[in-house]
There are 2 protein chains.
Amino acid sequence: MRDSTKRHLDVVLRLLRHRAYANAYNVLAKLHPADIADLYSYLNDEEKAWFAESAIKGGQLVAIISELGAEHISEFFAIVPETVLFEALRQLQPDDLTDTLAALSPERQEIILNKLGTARRQETSKLLGYAPDTAGGIMNTDFVALPETMLVEEAINQLRQQTSTETFYVYVIDKNERLVGVVSFRDLVVSAPAKSLAEIMKKDPVSVEATTNQAEVADIIARYDLLSLPVVDTNYRLIGRVTVDDAIDVIEEEATQDIYRLASLSAEEHVSTPILTAASRRAPWLLINLGTALLAAGVVAYFQDTISQYVVLAAMMPIVAGMGGNAGTQSLAVVVRALALGEIDWTVGARVILKEVGIGVLNGGLNGFVMAIIAWAWYRNLALAALMFVAMIVNLVIAGLFGALVPLVLGKLRQDPALGSSIFVTTATDVGGFLVFLGLASIFIKILLPV
Amino acid sequence: MRDSTKRHLDVVLRLLRHRAYANAYNVLAKLHPADIADLYSYLNDEEKAWFAESAIKGGQLVAIISELGAEHISEFFAIVPETVLFEALRQLQPDDLTDTLAALSPERQEIILNKLGTARRQETSKLLGYAPDTAGGIMNTDFVALPETMLVEEAINQLRQQTSTETFYVYVIDKNERLVGVVSFRDLVVSAPAKSLAEIMKKDPVSVEATTNQAEVADIIARYDLLSLPVVDTNYRLIGRVTVDDAIDVIEEEATQDIYRLASLSAEEHVSTPILTAASRRAPWLLINLGTALLAAGVVAYFQDTISQYVVLAAMMPIVAGMGGNAGTQSLAVVVRALALGEIDWTVGARVILKEVGIGVLNGGLNGFVMAIIAWAWYRNLALAALMFVAMIVNLVIAGLFGALVPLVLGKLRQDPALGSSIFVTTATDVGGFLVFLGLASIFIKILLPV
């Protein structure tokens, strides 16, 4: 958000807290609906009623509904008078209407759909039938499709009579309604009026099917710098289009998902998720982590005798494991992100793993050397210094190996490479780290013991 | 990348390995330059020469240069014959040319700029002068600006004579060259030819200055669903525009940066970064982490006497610290992402922190309870079970507190909320976890000791 917008929203909030509703409205009226919608989550009940009134008064109800977060839809609809609400819903773009309804219970969806009129109801029901994370779930159905035999001047005349506002391309179809080309508005403007669309169109445009995953849809739009991507059925008939602004939403959503999954969070959580819901969604991940932590604790318990003979080991233990966890997270982040952006896949897996293992040797050597010096300075024990050196290298190699291997294998198995991978990797570095460090210590315990 | 594209690239690679160059070229010629460019990093020297030849032969050299990763530019330029190369560079879009040159050494930049001709050299030098992560650094200068007094039909005639391909809007300027409005190609097509641009334009379009940070530029384009955003100087004169495809690149770059910073990686690293460079970029972070791990080790060393009296504590120790680290990462990821997407800021900080602390109490209670039962089942020691319960709650509260506080404070100080925050947070949970667990254990050591 721009600083100027933030300041305006702050002013509105301060005016509202002083119940200066008329002044607040005057500031609000100058803002973009996307910014106005952001205000909603900061309001109390009285202010929410004012918010709904202002949206109606300012003629921005349609725009604000389409910008409002899914978590607020149900509550907001209860505040807006029913006739005004339905008037607004009828004006929403098909994809926005679908997103809005998807935020409501199936019963509320039914009630609203029945009041929308047959054409709108059928269209929306069809869109609601597509999985929300597919091309069908994010596409819009208000595209412009014209026959390939139409002349440029005819096309321009026809477009003058249409009211769609979000169009950048005209899709060109053959007599069987199959998509055969695309013409930009710019092409229409600069082409000779007597040419046919077939003559000026870009042939065989990239398209996707309704079932294509939204991440792939966004990737295609980003990769080929498209403003919108046509969606076709199995007979190559045009059924909708995904616009670049929806692709941006998907890219942000997928990036959030990557970050969340690496941090063992469910993708549904949001900063405004109520505390009990948020806690209960994080709990399963923490319980899984507790299980893997017990595994690591079991390894330590197995070497209790060694530790009780030389208790310095207890202090050194978390260093080796912690460094492994850190290095593993580095490898994991690089590989997960490269997989997400489609830069690598399983076919180059061996090379990627080898590199991460190599980095483990190098940085394990460096940190092991530094740690060996510190251990020697601290305890004047050369054997302990050597032990730290070797354990650090081995654990950073484990970190690189699993940090690259786990997401690559998950990707190969057509799972999300980020999902649960950080738990796998930290388990490997914890268990591996303790096993190597304490295992070596128990073998060389006689040398370690101070004379 | 689409599966079909991936298959095509696999076929090309296989043909190349059998030195079936002509066949490989036939497959390659059907692909989009963005996909062809992806092939480069998989090729050996002989194949790279073939790649350059194919790009020239297919007339795709310009497009491929603009899609090639910055890390390959210097090498690729050495393969392409000089006259062909300069011909291609002259045809590159200004922003692509700037990006390409930015990948070269200042000496090489100079040589190339001098051969481009005065106009092109001046324009490119100016663009190279903007910081690469600002609006000036990512903007394009090939916009269309027309005076507000021009008629629609005059505008259309003028546009017919221009050759720019990436334009979606016409910017409207007043007699002092200040930006006053914007007209889409669609508006031009559907408006009466005798109207003036001032009559049909959208007034006071959103704009940014050349120094605006690229993250804010991308946020504005995403927030207001724009196809391009005008860049103005301090006198509100139009100097360029940032297009939505560049905004997408920024959004992906910023998301990568968030993920990398949370994983303690430098933003410059890439999956194809050579191993020595990658290792040396990760090393400082690991050394910092080693420092904080020593802090935690110091805490453990301080309680060595307690551990040597009851060595079971050594096995339980990593559980409390590890769970804290995990919960802290969860809080951190939610808060960092919400800050990055502009959903929260310091003003609601207290509420966010309170929520994360609350989640710490709840999930600390749950996991502490489970752990207490396990500890009791394992060692039949009620005091140890109680200790695990209390230590888990306290450490998950520490995790929530620091997981929310650290990024919020960094953001308030105008630093990147993700930068270094995971090291702060894991230090807090490691040191805090050991301190609470071993501190409590040393106080209650008499009760803990098995009778």
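Being a predicted model, the structure only gives us computed values, none of them experimental.
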*Asks:* For A/Y302, which atoms come within 4.5 Å of any heavy atom of chain B: side chain, backbone, both, or neither?
*Replies:* neither

*Asks:* Considering non-hydrogen atoms only, spot the tightest contact between A/R351 and B/S41 and give its length.
*Replies:* NH1-O, 4.2 Å

*Asks:* Within the structure provided, determine whether B/L339 and A/V271 are in side-chain contact (heavy-atom separation under 4.5 Å).
*Replies:* no

*Asks:* Among A/Q304, A/H32, A/R282, A/M316, which residue forms the greatest number of heavy-atom pairs with chain B at distances under 4.5 Å?
*Replies:* A/R282

*Asks:* Looking at residues at least two apart in the chain, or sitting in another chain, which of them share a side-chain hydrogen bond (donor to acceptor under 3.5 Å, both in side chains) with A/D249?
*Replies:*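 Scan of A/D249 (side-chain hydrogen bond (donor to acceptor under 3.5 Å, both in side chains), adjacent residues dropped) gives none.
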
*Asks:* Can you give me the closest heavy-atom contact between A/A315 and B/A301, atom names plus distance?
*Replies:*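 A/A315 and B/A301 have their closest heavy atoms at CB-N, 3.9 Å.
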
*Asks:* If I measure from the heavy atoms of chain B, does A/E269 come under 4.5 Å with its side chain, its backbone, both, or neither?
*Replies:* side chain

*Asks:* Looking only at non-hydrogen atoms, find the nearest pair between A/S308 and B/V311 and report the distance.
*Replies:*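 Minimum heavy-atom separation between A/S308 and B/V311: N-CG2, 3.9 Å.
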
*Asks:* Side chain, backbone, both or neither: which part of A/L313 has an atom under 4.5 Å from a heavy atom of chain B?
*Replies:* neither

*Asks:* Sort A/Y169 into side chain, backbone, both or neither according to what part of it lies under 4.5 angstrom from a heavy atom of chain B.
*Replies:*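 The answer is neither part of A/Y169.
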
*Asks:* Can you say whether A/L332 sits under 4.5 Å from chain B via the side chain, the backbone, both, or neither, judging by heavy atoms?
*Replies:*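 Interface part for A/L332: neither.
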
*Asks:* Any side-chain heavy atom of A/D35 within less than 4.5 Å of one from B/R223?
*Replies:*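 Heavy-atom side-chain distance check passes, below 4.5 Å.
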
*Asks:* Under a 4.5 Å cutoff for heavy-atom pairs, which residue among B/V312, B/D258, B/V370 has the most contacts with chain A?
*Replies:*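 Among the listed options, the one with the most contacts to chain A is B/V312.
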
*Asks:* Pick whichever of B/S422, B/G322, B/A155, B/A283 has the most heavy-atom pairs under 4.5 Å with chain A.
*Replies:* B/A283

*Asks:* With only heavy atoms counted, which part of A/E254 is less than 4.5 Å from chain B, the side chain, the backbone, both or neither?
*Replies:*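 The answer is neither part of A/E254.
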
*Asks:* Is A/I248 in contact with chain B via its backbone, its side chain, both, or neither, using a 4.5 Å heavy-atom distance?
*Replies:* side chain

*Asks:* Does B/A279 offer a backbone N or O that forms a donor-acceptor pair with the side chain of A/N363 under 3.5 Å?
*Replies:* yes

*Asks:* Side chains of A/L362 and B/L276, heavy atoms from C-beta outward: is any pair under 4.5 Å?
*Replies:* yes

*Asks:* Relative to chain B, which segment of A/S191 carries a heavy atom at a distance below 4.5 Å: side chain, backbone, both, or neither?
*Replies:* backbone

*Asks:* Mind listing the closest non-hydrogen atom pair of A/L290 and B/M392 along with its distance?
*Replies:*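 Result for this residue pair: CD1-CE, 4.0 Å.
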
*Asks:* On a heavy-atom basis, which atom in B/L294 and which in A/W378 lie closest, and how many Å separate them?
*Replies:* CD2-CZ3, 3.9 Å

*Asks:* Below 4.5 Å, heavy atoms only, C-beta onward: do A/L262 and B/L262 meet side chain to side chain?
*Replies:* no

*Asks:* Within the 4.5 Å heavy-atom criterion, are B/L354 and A/I275 side-chain neighbours or not?
*Replies:*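 A side-chain contact under 4.5 Å is absent here.
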
*Asks:* Please state whether the side chain, the backbone, both or neither of A/Y42 comes within less than 4.5 Å of a heavy atom of chain B.
*Replies:* side chain

*Asks:* Using heavy-atom distances under 4.5 Å, tell me whether A/A296 contacts chain B through its side chain, its backbone, both, or neither.
*Replies:* neither

*Asks:* Please name all residues satisfying side-chain hydrogen bond (donor to acceptor under 3.5 Å, both in side chains) with B/Q257, sequence neighbours left out, ordered by chain then number.
*Replies:*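 Partners of B/Q257 by the side-chain hydrogen bond (donor to acceptor under 3.5 Å, both in side chains) criterion come out as none, since no residue qualifies.
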
*Asks:* Relative to chain B, which segment of A/R337 carries a heavy atom at a distance below 4.5 Å: side chain, backbone, both, or neither?
*Replies:*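 It is the side chain, since no backbone atom gets that close.
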
*Asks:* Distance from A/T329 atom OG1 to B/I259 atom CD1, nearest 0.5 Å?
*Replies:* 13.0 Å

*Asks:* Is a side-chain donor or acceptor of A/Q330 paired with a backbone partner of B/S264 at a separation under 3.5 angstrom?
*Replies:*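 Answer holds: yes.
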
*Asks:* Does A/K355 reach the main-chain N or O of B/A278 with its side chain, forming a donor-acceptor pair under 3.5 Å?
*Replies:*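 Such a contact is absent between A/K355 side chain and B/A278 backbone.
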
*Asks:* Let's test your reading of the structure: which of A/D345, A/L226, A/V300 forms the most heavy-atom pairs below 4.5 Å with chain B?
*Replies:*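 Top option by heavy-atom pairs under 4.5 Å: A/V300.
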
*Asks:* Report yes if the side chains of B/D245 and A/I221 come closer than 4.5 Å at any heavy-atom pair, otherwise no.
*Replies:* no

*Asks:* Quick check: closest heavy atoms across A/Y260 and B/V334, and the distance to 0.1 Å?
*Replies:* OH-CA, 3.9 Å

